[in-house]
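Keep in mind that what you see is a predicted model, and the values were worked out from it rather than measured.
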Amino acid sequence: TYRLLRREAMPRAGRFYSASEFDLSAIEKFPGEILELGRSCVDAEYRSRAVMQLLWRGIGAYVAKHRIALMFGCASFH
């Protein structure tokens, strides 16, 4: 699974997650459709290149369907 949040759904979520870490004012002013990419979760048994490619293929289809012009997000690394 992958958490995706478009501008239109953001008010129901309260805010973009990235806004707790960064100033998103310039991104939020962007005139086109925007999409925050959040956390992904794949069961340890299925973590592979092929599964990641399937996740990104799905994200690509979502981006095309909703005419996303700008994607953003933040990540955590150990």
Nearest non-hydrogen partners of Arg7 and Glu33, listed with the distance: N-OE2, 3.7 Å
Non-hydrogen side-chain atoms of Leu70 and Leu35 separated by less than 4.5 Å: no
Cation-pi check, Arg3 onto Tyr17 ring (under 6.0 Å, within 45° of axis): yes
Leu54 CG to Ser48 OG distance, which is reported to the nearest 0.5 Å: 8.0 Å
Student check: side-chain heavy atoms of Ser18 and Leu24 closer than 4.5 Å: yes
Joint hydrophobic cluster, Val63 plus Phe16, side-chain heavy atoms closer than 4.5 Å: no
Ring centre gap for Phe72 and Phe22 strictly below 6.0 Å: no
Smallest separation among heavy atoms of Ala69 and Gly32, with atom names: CB-CA, 4.5 Å
Value rounded to 0.5 Å, distance of CD1 in Ile34 from NE2 in His66: 14.0 Å
Check: Arg6 and Tyr62 side chains under 4.5 Å, non-hydrogen atoms: yes
Closest heavy-atom pair and its distance - Tyr2, Leu37: CE2-CB, 3.9 Å
Neighbour count above 12 (heavy atom, 6.0 Å) for Arg39 CZ: no
Main-chain N/O of Leu4 paired to Glu36 side chain as donor or acceptor, under 3.5 Å: no
Euclidean distance, Arg47 CZ relative to Ser40 OG, rounded to 0.5 Å: 8.5 Å
